[in-house]
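Single-structure report; data block below.
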Amino acid sequence: MDFIDSMLSEIVAAHDKSSSMDTKYPDYLPDKDEVETIIKLSRRLLFPGYFDENGGNGTDTVSNLSDILKELEGTLQCQICRALNLETGENKDCGDMYGNAGVICRAFMKKIPSIIEVLLTDVQAAFDGDPAASSRHEIIFAYPGIFAISVYRLAHELYLLKVPYIPRMMTEYAHSQTGIDIHPGADIDSHFFIDHGTGIVIGETTEIGAHVKLYQGVTLGALSTRGGQSLKGIKRHPTLEEGVTVYSGATILGGDTVIGKGCVLGGNVFITQSIPAGTRVNLKNHEMDYSELGVRS
Amino acid sequence: MDFIDSMLSEIVAAHDKSSSMDTKYPDYLPDKDEVETIIKLSRRLLFPGYFDENGGNGTDTVSNLSDILKELEGTLQCQICRALNLETGENKDCGDMYGNAGVICRAFMKKIPSIIEVLLTDVQAAFDGDPAASSRHEIIFAYPGIFAISVYRLAHELYLLKVPYIPRMMTEYAHSQTGIDIHPGADIDSHFFIDHGTGIVIGETTEIGAHVKLYQGVTLGALSTRGGQSLKGIKRHPTLEEGVTVYSGATILGGDTVIGKGCVLGGNVFITQSIPAGTRVNLKNHEMDYSELGVRS
Amino acid sequence: MDFIDSMLSEIVAAHDKSSSMDTKYPDYLPDKDEVETIIKLSRRLLFPGYFDENGGNGTDTVSNLSDILKELEGTLQCQICRALNLETGENKDCGDMYGNAGVICRAFMKKIPSIIEVLLTDVQAAFDGDPAASSRHEIIFAYPGIFAISVYRLAHELYLLKVPYIPRMMTEYAHSQTGIDIHPGADIDSHFFIDHGTGIVIGETTEIGAHVKLYQGVTLGALSTRGGQSLKGIKRHPTLEEGVTVYSGATILGGDTVIGKGCVLGGNVFITQSIPAGTRVNLKNHEMDYSELGVRS
């Protein structure tokens, strides 16, 4: 037996040893590239003219938005279909689920106008909150926070429609592009501003009110996940009420933790209990040793 | 009215509701893909042979650098032109601005030799500072820090030439690739070394002296941005003098904060005031509770 | 002399000023795009069906795995050859090293079945540890942690075979996609789970036992790298024994630091000494100032 044949046998044997896998060699999975296409088409509907295929050459005028809508519907319906099939353990392309996928797809598309309205409040919040922003244009086409929020707002609607797999694939795409990890299950109100953003984690059952501002490295997480799958569906991430600001590197944990209206949480604070509205929280015992250095090597 | 037509009307209506947007459906914006091309062409001039199109097959010799220079000039002039038009509110391709864009473009290109010289000091600083570095080659083609610094040094020259949009688009491209967010306005001297780098944020008015070393997760930021647009142009980020080392997760805030020559700031420190030269700063009251665990579930 | 010619001379002169560079205008370097291809082909062997070229259309069945194996062998042998040539200072494509590269390439390929077996334990650990995981499918095709671990496990085998450059290029590709920076030299046992992951740094001489769980922003690093190149090869990163959990933002430094079996390290702790088995460590003096805010501007 030659080298390649022998390797092939060993690889197949290695896969066969795994009794825990749901399926081996699955067909017709939701496709990462198509999910990226769904994001890119949607973004051209959200902010027409900013993400044209031909280098901003004015192709995305009102007249061609209907072509984008049709392309989005075709692509999304097929991927929803695959995701539904995979969830039911049917390893096939479309089949019986196709009609059902179409109904879900249109229900999602009907949400796009309201997503546009709330995203425009997010753009405004970024402009109002960042002295380095030169215009709303710059925020739309250069700010990673707006990209991550856009993808989250799209994915969240699919999550509410109980589409499996696709919403998480969408937010993980944004995560890979921005370092911002927003679970599609999170519930986030308008005027949401993320500055810089790398390292932000927002868990599945987080609730965030209007006019909240988060800096890089903020974790809105669970206190413990030792319960694993038994914790599924339980609220395990915090609630941030209206107007909360959280500075870089702060960690807020727990499903019972409520950060009251207007609170300002300083950099690197570590919070596992509720904070009353209108409170400023800063590190207190962040004392440091200061010593003289010798000649630097 | 069919589904697509009805969606189209609702989407257009949603965009029309936004009175705050500067322009709707803009044409001829600066193009993200072309900005990426500008970075890739420039990088082949900075480090010839390392980033050839054909897989390092020796196409980037001295003889073809002039072709790269010509391609860079054409692409950059067009994008500068679009950026200038957008800033003045003219929604068009090139027009009257084209000559002006050409002058700026050549002024930028004249800076490339000095950018090369300073980048070679950055490569040397990485080699001297990292025991895991096997050669300068590896630093040039594998280290994300050198990539982020290269893009910053190019973007900074365009920023000094007052080109709108393009510099920030360039550094945001590097941010998406590396997790390192250096604002093009920052002023950074030679022998700059970033190790690992993910999560670093360097604000617009930061000043950094020669031989500075930053680890992952370091923030050089503003104390507060509540003033929003009213703070534009004011120095709101810190100054790090020559030879400063900042370990991972440290946060240094404020425009009046000066970290003196040779200081070493330990991991996770949080600094909002000036530190005299030659000081080592470590966390002091980083005390911890130690308790015994039961059997691990 | 026209502008382009004059720029060319200045650029060449800038490169010539650098006496420190090992080689200028190198040919036949290892190629980033080909290294990405190696990762993508390998991943189709590790998880057949999940990362098909044609959108998960069932092309990666057992029958075509042998084609993937052949393509992988050809691509990898060539890149190993280039890396070996570069290390010896020979600036050429394949030549005498080709046979040697082939032997190393096959030694690597023989490790793939055992990599598959250990990766399936990593998938299981993610499923058991994350309440938000809906199935093992989702973990394989959407979780950045599994991607970073897969690339690390492949790169580590090449590192053990003393292949220069390629292993680090592989893990830096994963770093750019996920924000997770695992040095190929680290030694990591089975059932390894990384949740979210952005900002994680795992140094070259780190040792990690089975069933370890790391959250985003964790650094497993060196105490000081002031010694630079003189520290090469010395153990300077920590050891985590079996069953250790490390929450977000924790920093663990030093080659003599051993975190004992089953320890749980809380968020943001900063550890530079060994911790006995079965200990829980939390921040103690993380006290905070609470003050009332006036009306929020």
Side-chain angles (χ1 to χ4, degrees), chain A residues 45 48-51 55-58 60-62 65-66 69-70 73 106 109-110 112-114 116-117 120 123-124 127-138 141-144 177-179 195-196 198-199 215-217 226 248-249 267-268 283 285-293 296, chain B residues 3-5 7-8 10-15 17-18 20-23 25-34 82 86 164-165 168-169 172 175-176 179 181 183 198-199 201 204 217 219 221 225 227-229 231-232 236 243 249 251 262 264 268-270 278-285 297:
Chain A
L45 296 169
Y50 285 91
F51 303 101
N57 283 311
D60 280 350
T61 54
V62 174
L65 290 188
S66 67
L69 277 163
K70 283 173 204 160
E73 184 173 25
R106 290 202 164 187
M109 291 172 77
K110 283 181 185 156
I112 292 177
S114 62
I116 290 169
E117 289 182 44
L120 290 170
V123 171
Q124 188 63 40
F127 185 70
D128 292 341
D130 182 9
S134 63
S135 75
R136 291 170 193 82
H137 295 305
E138 188 175 52
F141 65 68
Y143 275 41
Q177 298 296 303
T178 64
D195 204 359
H196 309 296
T198 306
Y215 283 84
Q216 67 274 14
R226 291 287 185 78
S248 63
N268 293 353
L283 281 183
N285 279 324
H286 192 85
E287 285 171 27
M288 295 177 280
D289 276 320
Y290 297 80
S291 60
E292 233 171 285
L293 281 164
R296 250 193 115 227
Chain B
F3 177 73
I4 296 290
D5 286 343
M7 283 305 308
L8 184 60
E10 285 183 47
I11 286 173
V12 170
H15 285 119
K17 272 188 207 158
S18 157
S20 70
M21 290 298 294
D22 309 81
T23 324
Y25 315 124
D27 282 356
Y28 305 115
L29 293 168
D31 178 9
K32 286 188 116 148
D33 292 338
E34 294 291 291
R82 286 182 172 206
L86 180 64
Y165 300 110
R168 180 70 183 259
M169 292 173 81
E172 284 297 345
H175 184 194
S176 77
D181 182 357
H183 195 286
T198 307
V201 173
E204 183 173 19
T219 293
T225 54
Q229 290 288 324
L231 295 170
K232 192 182 277 302
R236 46 196 199 286
T251 299
V264 176
N268 293 351
V269 300
F270 191 85
T279 308
R280 177 192 301 271
V281 185
N282 282 315
L283 283 184
K284 187 178 180 181
N285 278 324
S297 58

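Each chain gets a letter, A, B and so on, in the order the sequences are listed, and its residues count up from 1. These figures come from a predicted structure and were not determined experimentally.
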Segment of A:Gln216 engaging chain B (4.5 angstrom heavy-atom cut-off):
side chain

When every non-hydrogen atom of B:Met169 is compared with those of A:Ala142, the smallest separation belongs to CG-CB, 4.3 Å

Counting only non-hydrogen atoms closer than 4.5 Å, does A:Ser248 touch chain B with its backbone (N, CA, C, O), its side chain (CB onward), both, or neither?
side chain

Minimum heavy-atom separation for B:Ala14 to A:Pro113, with atom names?
CB-O, 3.5 Å

Among A:Gly179, A:Pro144, A:Gly249, which has the most heavy-atom pairs under 4.5 Å with chain B?
A:Pro144

Side chain, backbone, both or neither: which part of A:Leu69 has a non-hydrogen atom closer than 4.5 Å to chain B?
both

May I ask you to test the A:Leu45-B:Met7 pair for a side-chain heavy-atom distance under 4.5 Å?
no

Can you name the residues that form a side chain to side chain donor-acceptor pair (under 3.5 Å) with B:Thr198, not counting sequence neighbours?
C:His175

To check you understand the geometry: which heavy-atom pair defines the closest contact between B:Ser176 and A:Gln177, and what is its length?
CB-O, 3.1 Å

Residues in salt bridge (charged side-chain N to carboxylate O under 4.0 Å, His left out) contact with B:Glu10, at least two apart in sequence or another chain
none

Between B:Thr251, B:Asp181, B:Val201, the one whose heavy-atom pairs under 4.5 Å with chain A are most numerous
B:Val201

Tell me which of these, A:Arg106, A:Glu117, A:Met109, has more heavy-atom pairs under 4.5 Å with chain B than the rest.
A:Arg106

Would you call the rings of A:Phe141 and B:Tyr165 parallel, tilted or perpendicular if under 30° counts as parallel and over 60° as perpendicular?
tilted

